[in-house]
Amino acid sequence: MLEVEYYRRLASEVVGLTITGVSVDDPHALAGPLRPSDLIRALEGRSFTTARRTGKVLFFDSSGDSATNERERGAPASRGSGPTLAMRFGMTGSVIVDGHPALDRLLYAPAHVDPKWIVLSIEFDDTFTLALHDPRRMARVAFNLDEERLGPDAATVSAAALRSALTGRLPPRRGPATSGAALKARMLDQSRLAGIGNLLADEILWRASLAPDRPAGSLADHEIRRLHRHLRATVAELLERGGSHTGNLMGERRRGGRCPLDGTELLRSTVGGRTTWWCPGHQH
DNA sequence: CCGGATGTTCACCT
DNA sequence: GAGGTGAACATCCG
């Protein structure tokens with residue numbers, strides 16, 4: 001999510017410019033039934049009105065009729081709004097504007113930008129280019145993604161909203177709240193809380209002194225408030241530092257790694273389907 | 001050479 | 001219904 005926030009800031013440079021070309025270099029990047037021609041027809045001639053982010057998803061709202069639609073329907077320009085483009089980045093997707101990556105280096109991504117890993121590029125005013133770069137091809141773009149399926153953004157979530165994200169029922173489901181799942185699994189569930197990835201989850205839980213496999217519903221009020229405090233602070237601090245790989249625990253995520261706080265040897269386990277490193281000495 | 005890695009989705013279990 | 005597991009995606013790195 002921190003990385004996506006950097007992409008959003010970079011992408012905001014092209015907001016308001018006219019889309020003069022769309023090139024789909026790898027159709028694999030298009031979600032579901034979307035075809036390259038759909039994307040090109042929907043976007044060319046329009047402009048993005050916003051570059052906004054919820055969790056790990058970058059959204060571009062568009063405005064004005066596309067050139068094709070105007071030609072086809074003879075409609076007057078810009079009175080309706082266009083589709084919203086959504087980008088998800090998988091593990092190695094990133095945004096490049098005019099050849100400049102948002103970050104110098106990303107964990108597990110190749111150190112250098114390689115043109116062969118550009119899966120999509122959008123040209124603005126015949127001059128500027130926003131590209132989606134993705135060596136592992138897990139990034140996807142889609143139109144009009146269901147935003148209801150994303151929980152509140154972790155960077156701004158309130159303590160009360162965090163509590164219901166962890167223990168509440170998920171709309172539109174009915175019935176009693178369930179809270180048997182592991183705390184970390186709930187934190188990673190994007191439909192409950194948007195934006196927390198595996199590294200960030202471990203760092204936050206370590207700072208909040210909470211064991212990742214605690215049932216989410218077992219947290220006392222003061223523990224939820226503590227989690228909330230550390231969650232907000234960690235997101236802000238790692239954003240400042242340069243990404244989710246800049247946490248204090250990062251260097252110890254290996255066999256024999258020790259807790260930077262108390263020196264206890266870290267445990268490696270699987271929680272919520274993801275590799276989890278945590279300190280049995282102070283996380284309870 | 002092997003295993004595992006910032007993520008999401010889906011099929012298939014219990 | 002809830003929750004867990006494993007696969008798939010494709011490439012790089014230790």
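Numbered from 1 within each chain, the chains take letters A, B, ... in sequence-line order.
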- Determine, using the 4.5 Å side-chain heavy-atom cutoff (strictly less than), whether A:L132 and A:F59 are members of one ILVMFWY cluster. no
- Item | B:dA5 OP1/OP2 closer than 4.0 Å to side-chain N/O of A:R253 | no
- Item | Atom pair distance, as rounded to whole Å: CZ in A:R149 and C1' in B:dT8 | 10 Å
- Grab the CD-P distance between A:Q190 and B:dT8 for me, whole Å please. 5 Å
- Task: Give the C-alpha distance, both sets of side-chain angles, the deciding distance and a yes or no for side-chain hydrogen bond (donor to acceptor under 3.5 Å, both in side chains) between A:T129 and A:E123.
- Result: CA-CA 4 Å; A:T129 303; A:E123 188 192 52; 5.1 Å; no
- Task: Using atom CG of A:D189 as one end and atom P of B:dT8 as the other, report the distance to the nearest whole Å.
- Result: 10 Å
- Task: Looking at every strand, decide which applies to A:G197 at a 4.0 Å heavy-atom threshold: base, sugar-phosphate, or nothing.
- Result: sugar-phosphate
- Item | Euclidean distance for C1', B:dG3 against C:dG6 (whole angstrom) | 16 Å
- Looking across every strand, which nucleic acid part, if any, lies under 4.0 Å from A:G180 by heavy atom: base, sugar-phosphate, or nothing? sugar-phosphate
- Query: C:dC12 and B:dT8: how far apart are their P atoms, nearest whole angstrom?
  - Reply: 22 Å
- Which residue pairs satisfy the salt bridge (Lys or Arg N to Asp or Glu O under 4.0 Å) criterion with at least one member in residues 149-161 of chain A, sequence neighbours excluded? A:R53-A:D153
- Task: Could you provide the dot-bracket string of DNA chain B, using ( ) for intrastrand pairs, [ ] for crossing pairs and | for bases paired to another strand, with Watson-Crick or G-U pairs below 3.5 Å?
- Result: .||||.||||||||
- Message: Under 4.0 Å from OP1 or OP2 of B:dT9: is there any side-chain N or O of A:R88 that close?
- Response: yes
- Under 4.0 angstrom between A:T92 side-chain N/O and B:dG7 OP1 or OP2: no
- The single option from A:R207, A:E203, A:R232 passing side-chain contact (heavy atoms from CB on, under 4.5 Å) against A:E237: A:R207
- Could you state the atom-to-atom distance from CG of A:D213 to C1' of C:dG3 in whole Å? 15 Å
- Salt bridge between A:D61 and A:R52, side-chain N to carboxylate O under 4.0 Å? yes
- Between A:M91 (CE) and C:dC12 (P), how many Å, whole number? 14 Å
- Task: Specify the separation, in whole Å, of atom CG of A:D134 and atom C1' of C:dA10.
- Result: 9 Å
- So, is A:K56 close to the B:dG7 phosphate, meaning a side-chain N or O under 4.0 Å from OP1 or OP2? yes
- Any idea how A:H133 and A:W117 line up, ring-wise: parallel (<30°), tilted (30 to 60°), or perpendicular (>60°)? perpendicular
- In whole angstroms, the gap separating P of C:dA10 from CG of A:L132 amounts to 15 Å
- Query: For B:dA5, does OP1 or OP2 lie under 4.0 Å from any side-chain N or O of A:R254?
  - Reply: no
- Item | Listed nucleotide nearest any side-chain atom of A:A181, set B:dA5, B:dT8, C:dG4 | C:dG4
- Do A:I204 and A:L267 share a hydrophobic cluster, counting only Ile, Leu, Val, Met, Phe, Trp and Tyr and linking them when any side-chain heavy atoms are less than 4.5 Å apart? no
- Taking atom P in both C:dT5 and B:dG4, compute the distance separating them and give it to the nearest angstrom. 15 Å
- How close or far is atom C1' of B:dT6 from atom OH of A:Y7, stated in whole angstroms? 9 Å
- Message: With a 4.0 Å cutoff (strictly under), does any side-chain N or O of A:R137 reach OP1 or OP2 of C:dA10?
- Response: yes
- Message: Mind checking if A:T275 touches a base, just sugar-phosphate, or nothing, with heavy atoms under 4.0 Å?
- Response: sugar-phosphate
- Query: Closest nucleotide of DNA chain C for A:K116 versus for A:H28: which of these residues is on the 5' side?
  - Reply: A:H28
- Query: Between A:R274 and B:dG4, does any side-chain N or O lie under 4.0 Å from OP1 or OP2?
  - Reply: no
- Sub-3.5 Å donor-acceptor pair from the side chain of A:R214 to the main-chain atoms of A:S218, do we have one? yes
